[in-house]
Amino acid sequence: MLKIDAIHLREINMPLAHPFETSFGLTTARRILLIEIESDGLTAWGECVAGEHPYFSDEMIDTAWIITETELAPRLLDAELQGGGSCPGLFRQVRGHRMAKAALENAVWDLEAQLEQVPLARLLGGTRSVIACGVSIGIQPSVEQLMNKIATEIAAGYQRIKLKCKPGWDTQIFEVVRKRWPGITLSCDANSAYRMKDFDHLASWDQFKLLMIEQPLWYDDFYFHSMLQKRMRTPICLDESIRNRRDALAAIEMQSCRILNIKVGRVGGFSEAIAVHNAAAERGIPVWCGGMLETGIGRAHNIALSSLPNFSLPGDVSASGRYWSHDIIEPAVTVSNKGEIIVPDTAGMGYAVRRDRIETLTVRRRTLRAKSRVSA
Ligand code: OSB
Ligand code: MG
């Protein structure tokens, strides 16, 4: 049995090394909620991937903070846990707020891995010793800058290039990129920027031999994606729409997609991420690990998750240096010239947390402690 003695919430502010633009907006700096839990002298971390605004999903850092402080953390402090797998049951009464739940649950898995003295990847059921990496390239100020970025990432060894797109930054872009690099593994992510009137336009992208088109339509849709998938050879991949295992089953059953993006924050924690992974594996649907511009803590957790067997396509898990001039873990995450990250084989998440840097970046904090327990 495991008990949590204290939960520390903190917000850190970190400027991105390069601004990141999607169809829903431009991000130049991240406000990130970090969770630190203490149990019997051990310390473990979780990162909340909720954004600065409720644009990717309905959560944002400020809603995650208040739900964690007022609802989730008190439940965790009151509980006796087996491990990370106990969290979904504990949090069930609270509807939604999956990114807030995931930050706490993932910290508990991290703690469990330290207690059991096993790598987090193994505790989750991971089997891979290296993971395949791709990059997500934001909408750029000019075509020239996009071409330079792609050239840099290909030279670095990344195995798949994903281009963020939106109306006006799509067909012409794919044309010039395919002309220069006919053979690279290329995909795109629209973050829900298209509607039914765009079906012919989207279907015309079959000519570009994309590995997949990620979330072209509404963020909460399965039905119209299945209509679109019927008209396209290119696989659709769902990201925003998939909140849990049942959503994955519905999307697969309806043929709304042929590939799934799993983000541990979007589905509410490692337990549900594993459940989505397994449901997809049993039905022959490949998955890959998405990214949310994480610091090293979230990145280390993504690496562990990506080591599960059905993560068979390159993920959006890339080197720390693409996001941060100084990451908050040590060593920073690096990618080999074959586009791979080595899965750590030491106990816990396999990276040390740079508490000194976190202190410097912290702009607010709050500590919640367990009521003093009477020992038997
Ligand atoms: O849709 O995958 C997405 C970043 C923020 C929000 C949503 C998404 C993304 C990315 C970047 O594509 C992935 C990464 O490099 O972390
Ligand atoms: Mg996406």
Side-chain angles (χ1 to χ4, degrees), residues 14 16-32 47-61 64 98-99 102 131-140 149-150 152-153 156 158-166 169 186-194 210-221 225 235-243 251 257 259-267 287-303 305-306 313-324 327 333 335 339 341:
M14 266 175 107
L16 281 166
H18 308 280
F20 191 79
E21 186 172 349
T22 68
S23 64
F24 58 76
L26 178 72
T27 309
T28 54
R30 298 288 335 276
R31 293 176 56 208
I32 296 167
E47 173 169 345
C48 179
V49 299
E52 294 70 39
H53 301 277
Y55 299 167
F56 172 82
S57 78
D58 44 19
E59 288 186 82
M60 64 184 294
I61 176 172
R98 292 179 301 280
M99 293 174 178
I131 64 163
C133 308
V135 287
S136 172
I137 301 183
I139 294 162
Q140 300 295 312
K149 266 228 145 108
I150 297 174
T152 305
E153 306 297 13
Y158 285 104
Q159 298 182 23
R160 182 224 65 205
I161 303 290
K162 157 173 143 183
L163 303 179
K164 290 291 193 181
C165 65
K166 65 177 181 182
W169 185 266
L186 189 66
S187 69
C188 70
D189 184 357
N191 288 111
S192 309
Y194 299 91
L210 302 174
L211 177 65
M212 71 190 92
I213 299 180
E214 189 177 336
Q215 199 74 34
L217 308 173
W218 297 266
Y219 73 94
D220 54 359
D221 171 76
H225 280 97
I236 291 175
C237 169
L238 291 180
D239 173 357
E240 283 89 327
S241 296
I242 306 296
R243 299 161 301 177
C257 64
I259 296 174
L260 287 178
N261 165 326
I262 299 182
K263 288 178 179 163
V264 61
R266 197 195 64 227
V267 302
V287 306
W288 55 279
C289 184
M292 292 288 283
L293 312 176
E294 289 92 346
T295 73
I297 292 171
R299 199 165 297 281
H301 288 178
N302 285 343
I303 293 167
L305 182 66
S306 303
L313 295 170
D316 278 347
V317 184
S318 55
S320 296
R322 295 189 63 251
Y323 306 83
W324 319 111
D327 205 342
V333 175
V335 171
I341 294 174

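Indexing begins at 1, ligand by ligand and atom by atom, following the structure's order. Quantities reported herein were computed from a predicted structural model and do not represent experimental measurements.
Scanning all heavy atoms of the two residues, the minimum distance from Glu21 to Leu26 falls at CB-CD1, 3.7 Å. Residue Glu59 comes nearest to Ala64 through the heavy atom pair OE1-CB, 4.5 Å, listed as atom of the first residue, atom of the second, then distance. Smallest separation of non-hydrogen atoms from Ile137 and Glu153: CD1-CG, 4.0 Å. Among all heavy-atom pairs drawn from Gln140 and Lys149, the shortest one is NE2-CD, 3.9 Å. Residues Pro235 and Ile259 approach most closely at CB-CD1, 3.9 Å, considering heavy atoms. Residues Gly339 and Gln159 approach most closely at O-NE2, 3.2 Å, considering heavy atoms.
One side chain, Tyr323 or Ser318, offers a donor N or O that lies under 3.5 Å from an acceptor on the other.
Residue Glu214 places a heavy atom less than 4.0 Å from ligand 1. Using a 4.0 angstrom heavy-atom cutoff, Lys164 counts as in contact with ligand 1. For Lys162, the closest heavy-atom approach to ligand 1 falls below 4.0 Å.
Closest to atom 15 (O) of ligand 1, if we only count protein heavy atoms, is Tyr323 OH, 2.4 Å. When hydrogens are left out, the protein atom nearest atom 16 (O) of ligand 1 is Leu293 N, 2.9 Å; that is the closest non-hydrogen contact. The single protein non-hydrogen atom nearest to atom 4 (C) of ligand 1 is Phe20 CE2, 3.7 Å, given as residue, atom name and distance. Atom 1 (O) of ligand 1 has its closest protein heavy atom at Asn191 ND2, 2.8 Å.
Less than 4.0 angstrom separates some heavy atom of Ser136 from each of these atoms of ligand 1: 10 (C), 11 (C), 12 (O), 13 (C). In the vicinity of Phe56, heavy-atom distances shorter than 4.0 Å reach the ligand 1 atoms 1 (O), 7 (C). Under a 4.0 Å criterion applied to the non-hydrogen atoms of Gly291, ligand 1 contributes the atoms 2 (O), 4 (C), 8 (C), 9 (C), 10 (C), 11 (C), 13 (C), 14 (C), 16 (O).
Electrostatic pairing of Arg160 and Asp316 counts as a salt bridge here, judged by a charged N lying under 4.0 Å from a carboxylate O. Ion pairing between a basic and an acidic side chain is recognised when a charged N comes within 4.0 Å of a carboxylate O; Glu294 and Lys263 show no such pairing.
Legend: residues meeting ring pair (Phe, Tyr, Trp, His ring centres under 6.0 Å) with Tyr194, ordered by chain and number and at least two apart, are Trp205.
Within a 6.0 Å sphere centred on OH of Tyr55, heavy atoms belonging to other residues, nucleotides or ligands number 12 at most.
With waters neither drawn nor counted, the protein N/O/S atoms under 2.8 Å from the Mg ion (ligand 2) amount to 3.
Ligand 1 has no N or O atom lying under 3.5 Å from any N or O atom of Phe24, backbone or side chain. Here's the thing with Glu240: none of its N/O atoms is less than 3.5 angstrom from an N/O atom of ligand 1. Annotation: Asn261 places no N or O atom under 3.5 Å from an N or O atom of ligand 1; distance criterion only. Considering both main-chain and side-chain atoms, Lys263 comes within under 3.5 Å of ligand 1 through a nitrogen or oxygen pair.
Neither the backbone nor the side chain of Thr22 has any atom closer than 4.0 Å to an atom of ligand 1 (non-hydrogen atoms only). If you look at Asp239 next to ligand 1, the close heavy atoms, those under 4.0 Å, all belong to the side chain.
Of the candidates Arg299, Glu294, Arg30, Met292, Met292 brings a heavy atom nearest to atom 6 (C) of ligand 1.
Residues Lys164 and Ser23 fail the side-chain proximity criterion, which asks for heavy atoms closer than 4.5 Å. Put simply, the side chain of Arg30 reaches to within 4.5 Å of the side chain of Trp324, judged on heavy atoms.
Remark: of the listed residues Glu240, Gln215, Glu214, Glu240 is the sole one forming a side-chain hydrogen bond (donor to acceptor under 3.5 Å, both in side chains) with Asn191.
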